[in-house]
Amino acid sequence: MEWQGLGPSPAQDWPGYIGRFAPSPTGMLHAGSLVAALASWLDARTHQGQWRVRMEDVDTPRCVPGTDLAILQQLALCHLVPDGPVLWQSQRGQAYQTALDTLIARGWAYPCGCSRKDIELAQTRSLLRHHAAVYAGTCRSGLGGKTARAWRLNVQAVQAALNLPRITSWHDRRLGWQEQDVLEAVGDFVLRRADGLWAYQLAVVVDDAAQGISHVVRGEDLADNTARQMLLQKALNLPTPQYLHTALVLGANGEKLSKQNGAQALDLQDPLHALRQAASALNLPVRADVTDIDASLAHWTDHWRAQYAPNTPIKA
Ligand code: GLU
């Protein structure tokens with residue numbers, strides 16, 4: 001297919017590669033989050049690029065004090081050490097405010113006074129009722145006497161002003177061609193929440209750009225956010241990274257492993273064992289005769305390269 005997406009072409013060569021792992025310190029790393037850490041690290045090494053770590057601690061009430069440092073220790077035990085300083089999103093409020101102000105000044109963000117109940121009510125009245133999370137755009141043309149609570153992106157206004165197609169499409173390095181009609185799938189999404197906290201979508205887009213992230217490698221559960229993030233990148237005139245969404249680790253019940261459904265923190269008495277499990281989840285071969293962490297990481301880097309970046313030169 002001819003390349004027509006909003007994102008960069010799926011070429012493999014990328015001289016200024018900067019990747020990242022962006023855990024939320026709401027709990028320690030578990031088997032699922034180690035997969036995202038390992039995959040993003042392997043991709044950075046494959047491209048001879050840098051690997052950054054960003055603590056996504058914007059949702060302060062859900063963050064557990066001390067977990068950020070504990071996660072960095074867990075990573076270090078696995079020999080996954082960030083290149084350059086760690087960025088904490090809780091210290092980035094000014095940058096997010098500047099981005100929101102830019103969107104407001106362009107007429108692309110509006111205050112929303114809807115409560116959760118109002119949103120549900122509007123959905124039942126409209127054709128959107130089959131899409132549980134879709135915002136019907138109630139406050140797009142004014143608050144109608146309500147008090148402003150959250151800020152939302154006016155998706156249609158951005159698409160019209162920038163001449164963007166209604167369907168946002170991109171090439172995912174693992175999933176292939178992807179597309180989403182953001183307005184139909186989620187509607188005008190939140191940039192700043194009713195409780196005053198910054199929304200994940202805005203924070204991630206501002207920080208990926210600020211850190212010069214060229215490649216995002218993360219779990220497939222986040223693939224659905226990519227179109228929203230691409231629209232925000234366009235609206236803020238920021239570059240779009242390349243994306244690769246890895247397969248998810250499923251728990252015994254067949255559900256995605258997550259802190260919310262009680263995934264156990266990694267037992268790092270034996271970091272190589274944990275890394276081997278993560279590598280298996282990524283379809284990378286585990287060699288019983290390689291019993292050293294660094295040698296294992298090097299072995300998996302070769303396999304990762306063959307799978308996802310076959311045109312990348314191998315470091316001499
Ligand atoms: N902080 C998010 C999480 O832990 C990851 C965000 C991202 O990689 O874009 O699920």
Side-chain angles (χ1 to χ4, degrees), residues 7 18-44 50-64 67-72 74-75 80 82 86-92 96 99 170 172-175 178 180 186 189-191 193 197-233 236 238-251 255-263 265-266 278 281-282:
I18 304 179
R20 46 64 158 193
F21 172 54
S24 305
T26 52
M28 306 276 283
L29 291 187
H30 54 73
S33 37
L34 186 63
V35 170
L38 178 61
S40 56
W41 187 94
L42 290 172
D43 202 51
Q50 295 182 32
W51 184 69
R52 299 274 161 84
V53 171
R54 180 168 74 226
M55 285 297 160
E56 302 216 317
D57 55 350
V58 268
D59 193 350
T60 28
R62 287 186 52 231
C63 292
V64 182
T67 306
D68 46 0
L69 299 182
I71 289 176
L72 293 173
Q74 287 182 302
L75 291 170
L80 305 177
V86 174
L87 189 74
W88 270 265
Q89 287 194 324
S90 54
Q91 295 169 12
R92 300 271 302 146
Y96 308 147
W170 74 98
D172 183 278
R173 291 170 54 213
R174 174 174 159 266
L175 301 172
Q178 301 289 301
Q180 187 182 62
V186 279
F189 54 91
V190 171
L191 303 169
R193 296 167 19 172
L197 296 176
W198 294 103
Y200 157 67
Q201 308 295 353
L202 183 74
V204 90
V205 162
V206 169
D207 287 342
D208 278 342
Q211 292 187 286
I213 302 299
S214 62
H215 290 67
V216 170
V217 176
R218 59 187 178 189
E220 197 174 326
D221 55 321
L222 293 163
D224 184 48
N225 295 277
T226 309
R228 269 170 281 174
Q229 293 172 12
M230 289 174 67
L231 271 182
L232 265 180
Q233 288 152 2
L236 291 165
L238 301 173
T240 291
Q242 293 201 22
Y243 290 95
L244 188 161
H245 290 90
T246 67
L248 296 180
V249 180
L250 302 181
E255 271 180 32
K256 179 211 158 195
L257 264 198
S258 72
K259 291 162 209 161
Q260 284 73 29
N261 65 23
L266 280 179
L282 292 168

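Counting starts at 1 for both ligands and their atoms, in listed order. Every value quoted in this text rests on a predicted model; they were computed, and no experiment measured them. Below, all heavy atoms of this structure are taken into account, side chains as well, without hydrogens, waters or symmetry copies.
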Looking at [atom1] of [X] and [atom2] of [Y], how far apart are the two atoms once the value is rounded to the nearest 0.5 Å?
| X | Y | atom1 | atom2 | value |
| --- | --- | --- | --- | --- |
| Leu282 | Arg174 | CG | CZ | 9.0 Å |
| Leu34 | Met28 | CG | CE | 12.0 Å |
| Leu80 | Phe21 | CG | CZ | 9.0 Å |

Numbering the atoms of ligand 1 from 1, which are under 4.0 Å from a heavy atom of [X]?
| X | answer |
| --- | --- |
| Ser24 | 1 (N), 2 (C), 3 (C), 4 (O) |
| Arg218 | 7 (C), 8 (O), 9 (O) |
| Val204 | 9 (O) |

Which of the listed options, Gln89, Glu56, His245, holds the heavy atom that is closest to atom 6 (C) of ligand 1? Glu56
Criterion side chain to side chain contact (heavy atoms under 4.5 Å, CB included) on Asp59 and Trp198, from CA distance to verdict: CA-CA 8 Å; Asp59 193 350; Trp198 294 103; over 6 Å; no
Quick look: Asp221 vs ligand 1, heavy-atom contacts under 4.0 Å, and the answer is neither
Donor + acceptor pair across side chains of Glu56, Ser24 (<3.5 Å): no
Output yes when the distance from some N or O of ligand 1 to some N or O of Ala22 is under 3.5 Å, and no in every other case. yes
So, 4.0 Å and heavy atoms of Tyr200: is ligand 1 close enough to count as a contact? yes
Whether Arg20 lies under 4.0 Å from ligand 1, heavy atom: yes
Under a 4.5 Å cut-off applied to non-hydrogen side-chain atoms, are Arg20 and His215 in contact? no
